[in-house]
Amino acid sequence: MRKTISQLLATLVLALAACGQIWAAEADGLQIYWIDTEGGAATLLITPTGETVLIDAGNPGRRDADRIVKTITEIAGRKQIDHLVTTHYHGDHFGGAIELAKLLPIVNLWDNGQFEGLRDDPGKAYFELKAEKKHVIKPGDSIPVKQLAAGSPELSIRCLGTRQQFVTAPAGTEENTNICATAREKARDGSDNANSIVLLIKFGNFTFFDAGDLTWNQEQKLVCPHNVVGKVDVYQVTHHGLDASNNPLVLQSIEPHVAIMNNGTTKGCAPEVFANLKETKSLQGIYQVHKNLRPDGATNNVADEFIANREKECQGNHIHLAVAADTKSYTVNIPANKHSQTYQTRTGK
Ligand SMILES: [Zn+2]
């Protein structure tokens with residue numbers, strides 16, 4: 001009898017330990033939210049240690065700032081923005097930052113500063129917004145984020161390029177000859193989009209690429225003559241899916257498994273970009289923040305299940321991605337649709 005009780009106790013202890021592990025596993029993963037800013041950008045990372053990294057802050061005014069605050073405080077349970085990155089100076093990326101700075105403490109702001117050749121000036125209100133520390137980011141810089149205990153997967157957020165300068169490939173890297181042979185230019189680099197900050201986020205096996213609104217000819221520099229990005233799991237469709245960006249050489253070189261497009265009801269999701277995404281064999285899932293409601297939408301939309309906002313009257317639904325603590329898989333959720341699909345990371349099988 002005594003033995004049976006001790007056996008039962010041992011089983012109970014093991015079961016509790018297992019529960020603890022499951023809880024810890026969920027708590028230690030990386031989470032990404034594509035907050036709906038109706039054709040703007042606001043991509044929020046909640047790091048495994050609970051830090052918040054916001055890449056772009058949506059449009060001016062309260063609508064997008066309020067949605068960002070709600071996601072950070074009510075959904076993610078955080079109280080501040082540890083790092084805000086403004087990829088470039090267009091209103092749909094920096095605009096919300098001015099209101100946001102009044103609503104939540106911003107610890108670190110990362111952007112291009114006031115550089116020579118600044119094409120689109122965000123203005124005084126942006127440059128004077130309240131943030132504890134302000135940093136001008138350079139190609140090759142990493143945003144210093146807290147790490148889990150030694151032996152756990154490492155998180156890195158690295159700048160691959162900005163202000164039209166890009167990191168170089170390590171010596172001996174093979175040239176991307178076949179893909180680069182098909183390169184062609186587009187003369188549409190005339191705004192601050194071309195100066196976008198390009199970020200590569202890695203957590204263990206998982207890799208996520210966010211290039212802001214980087215334009216076509218600049219995108220080519222990321223993969224020709226050398227692919228400095230590598231292969232990625234998740235591709236944030238550049239520039240909301242507009243065809244001034246989304247050079248197919250990038251898709252062919254980085255071979256993403258999942259693409260997430262922060263388009264609006266009539267912005268982005270351009271026919272050329274949509275066709276290129278559909279032709280990308282590596283893609284297992286394509287998501288849209290909005291249904292494309294333009295006349296070409298009949299042929300340029302993914303299935304409704306993969307779209308967060310399907311009506312003209314926007315509900316502000318987000319797309320959520322959770323990377324497992326062991327980084328072997330990640331799950332994309334659209335809570336509004338009850339959509340949930342798990343993908344294996346490239347090297348985590
Ligand atoms: Zn934009």
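Worth knowing before you read on, the calculation uses all heavy atoms, side chains too, and leaves out hydrogens, waters and symmetry mates.
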Exercise for the section: Give the C-alpha distance, both sets of side-chain angles, the deciding distance and a yes or no for ring-ring contact (aromatic ring centres under 6.0 Å, His included) between Trp110 and Phe94. Expected result: CA-CA 11 Å; Trp110 302 81; Phe94 82 82; over 10 Å; no
Exercise for the section: Run the numbers on His290 and Asp36 for side-chain hydrogen bond (donor to acceptor under 3.5 Å, both in side chains), then give the verdict. Expected result: CA-CA 8 Å; His290 275 272; Asp36 177 27; 2.9 Å; yes
Handout entry: Trace of the side-chain hydrogen bond (donor to acceptor under 3.5 Å, both in side chains) decision for Thr87 with Asp56
Key = CA-CA 6 Å; Thr87 60; Asp56 293 319; 3.0 Å; yes
Problem - Derivation and outcome, side-chain contact (heavy atoms from CB on, under 4.5 Å), residues Asn309 and Lys291 - result: CA-CA 6 Å; Asn309 298 282; Lys291 191 162 191 169; over 6 Å; no
Exercise for the section: Before giving the answer on salt bridge (Lys or Arg N to Asp or Glu O under 4.0 Å), spell out for Glu255 and Arg346 the whole-Å C-alpha distance, their side-chain angles and the decisive distance to 0.1 Å. Expected result: CA-CA 10 Å; Glu255 297 179 357; Arg346 310 186 68 89; 3.6 Å; yes
Exercise for the section: Begin with the C-alpha distance, continue with both residues' side-chain angles, and end with the deciding distance and a verdict on side-chain contact (heavy atoms from CB on, under 4.5 Å) for Tyr287 and Met261. Expected result: CA-CA 6 Å; Tyr287 292 83; Met261 188 195 295; over 6 Å; no
Exercise for the section: Under the side-chain hydrogen bond (donor to acceptor under 3.5 Å, both in side chains) rule, what do Asn195 and Gln164 come out as? Steps first, then yes or no, please. Expected result: CA-CA 5 Å; Asn195 295 316; Gln164 303 177 43; 2.9 Å; yes
Practice task
Step by step, work out the side-chain contact (heavy atoms from CB on, under 4.5 Å) result for Val228 and Thr168.
Solution key: CA-CA 7 Å; Val228 299; Thr168 49; 5.8 Å; no
Practice task
Tell me, with the steps shown, if Gln236 and Thr43 meet side-chain hydrogen bond (donor to acceptor under 3.5 Å, both in side chains).
Solution key: CA-CA 9 Å; Gln236 177 172 303; Thr43 307; 2.7 Å; yes
Practice task
Assess whether side-chain contact (heavy atoms from CB on, under 4.5 Å) is satisfied between Ile75 and His318, documenting all intermediate values.
Solution key: CA-CA 11 Å; Ile75 299 174; His318 65 262; 3.7 Å; yes
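The closest side-chain donor-acceptor pair between Asn112 and Thr162 falls under 3.5 angstrom. The closest side-chain donor-acceptor pair between His226 and Asn176, if any, does not fall under 3.5 angstrom. A donor atom on one side chain and an acceptor atom on the other are not found under 3.5 Å apart for Ser245 and Thr238. Counting only N and O atoms by type, the side chains of His88 and Asp213 include a donor and acceptor under 3.5 Å apart. Side chains of Asn292 and Asn300: no donor on one and acceptor on the other come within 3.5 Å. Side-chain contact annotation: Thr331 with Gln341, donor-acceptor N/O pair under 3.5 Å absent. Between the side chains of Thr47 and Thr49, at least one donor N or O lies within less than 3.5 Å of an accepting N or O. A donor atom on one side chain and an acceptor atom on the other are not found under 3.5 Å apart for Asn333 and His339.
There is a path of hydrophobic side-chain contacts, each under 4.5 Å, that joins Leu30 to Val234. At a threshold of 4.5 Å between side-chain heavy atoms, the hydrophobic network of Ile, Leu, Val, Met, Phe, Trp and Tyr places Val232 and Phe206 in one connected group. Following chains of ILVMFWY side-chain contacts shorter than 4.5 Å, one can reach Leu103 starting from Ile35, so the two form part of one hydrophobic cluster. The cluster map of Ile, Leu, Val, Met, Phe, Trp and Tyr, joined by side-chain heavy atoms under 4.5 Å apart, puts Leu242 and Ile286 in different clusters. The hydrophobic clustering, which links ILVMFWY residues whose side-chain heavy atoms are closer than 4.5 Å, places Leu293 and Val289 apart.
Once rounded to the nearest 0.5 Å, the distance linking OG of Ser142 with CG of Leu200 reads 9.5 Å. Note that CG of Leu277 and CD of Gln288 are 9.0 Å apart. Values are rounded to the nearest 0.5 Å. Atom-to-atom distance recorded for Ile307:CD1 and Glu311:CD is 10.5 Å, nearest 0.5 angstrom. With rounding to the nearest 0.5 angstrom, the CG atom of Asn262 is 12.5 Å from the CD atom of Glu38. Here the CG-CG distance, from Leu199 to Asp210, works out to 6.0 Å after rounding to the nearest 0.5 Å. Here Glu132 contributes atom CD and Asn108 contributes atom CG; the two are 7.5 Å apart, rounded to the nearest 0.5 Å.
Taking each heavy atom of Val85 and Ile143 in turn, the nearest pair found is CG2-CD1, 3.6 Å. Minimum heavy-atom separation, Ala97 to Tyr126: CB-CE1, 4.2 Å. When all heavy atoms of Arg119 and Ala194 are compared, the closest pair comes out as NH1-CB, 3.8 Å. When all heavy atoms of Val237 and Ala259 are compared, the closest pair comes out as CG2-CB, 3.9 Å. Scanning both residues, Leu249 and Ala183, for their nearest heavy atoms gives CD1-CB, 3.7 Å. Between Pro139 and Phe166, the closest heavy-atom pair is CB-C, 4.2 Å.
The backbone N or O of Gly61 lies less than 3.5 Å from no partner atom in the side chain of Glu99, so there is not a single donor-acceptor pair.
With respect to Arg158 and Asp141, no salt bridge is recorded, no charged nitrogen being found less than 4.0 Å from a carboxylate O. Salt bridge status for Arg78 with Glu51: absent, with no side-chain N to carboxylate O gap under 4.0 Å. A salt bridge links Glu272 and Lys186; the closest N-O separation between the charged side-chain nitrogens and carboxylate oxygens is under 4.0 Å.
With a 6.0 Å radius and a threshold of 12 heavy atoms from other residues, nucleotides or ligands, Lys134 has its NZ atom above the threshold. Around the NZ atom of Lys267, the shell of radius 6.0 Å holds more than 12 heavy atoms that belong to other residues, nucleotides or ligands.
In summary, the aromatic rings of His240 and His93 are positioned with their centroids under 6.0 Å apart. Between Phe127 and Tyr89, the distance from one ring center to the other falls under 6.0 angstrom.
Between Phe115 and Arg163, the closest side-chain pair of non-hydrogen atoms falls below 4.5 Å. In this structure, Asp120 and His90 have side chains that are in contact, with non-hydrogen atoms separated by less than 4.5 Å. Considering only heavy atoms from C-beta on, Tyr343 comes within 4.5 Å of Gln284 through its side chain. At least one side-chain heavy atom of Leu104 sits less than 4.5 Å from a side-chain heavy atom of Thr73. Put simply, the side chain of Pro48 reaches to within 4.5 Å of the side chain of Leu155, judged on heavy atoms. Leu214 is not listed as a side-chain neighbour of Asn193, based on a closest heavy-atom distance of 4.5 Å or more. Looking at heavy atoms from C-beta onward, Asp64 lies out of side-chain contact with Leu100 at the 4.5 angstrom threshold.
Taking the six-membered ring where tryptophan is involved, the planes of Phe209 and Tyr235 are essentially parallel, since the angle between them stays under 30° and well short of 60°. The aromatic rings of His320 and Tyr33 are tilted relative to each other, their planes meeting at an angle between 30° and 60°.
No option in Ile106, Asp82, Ile81 other than Ile81 meets the side-chain contact (heavy atoms from CB on, under 4.5 Å) test with Leu54.
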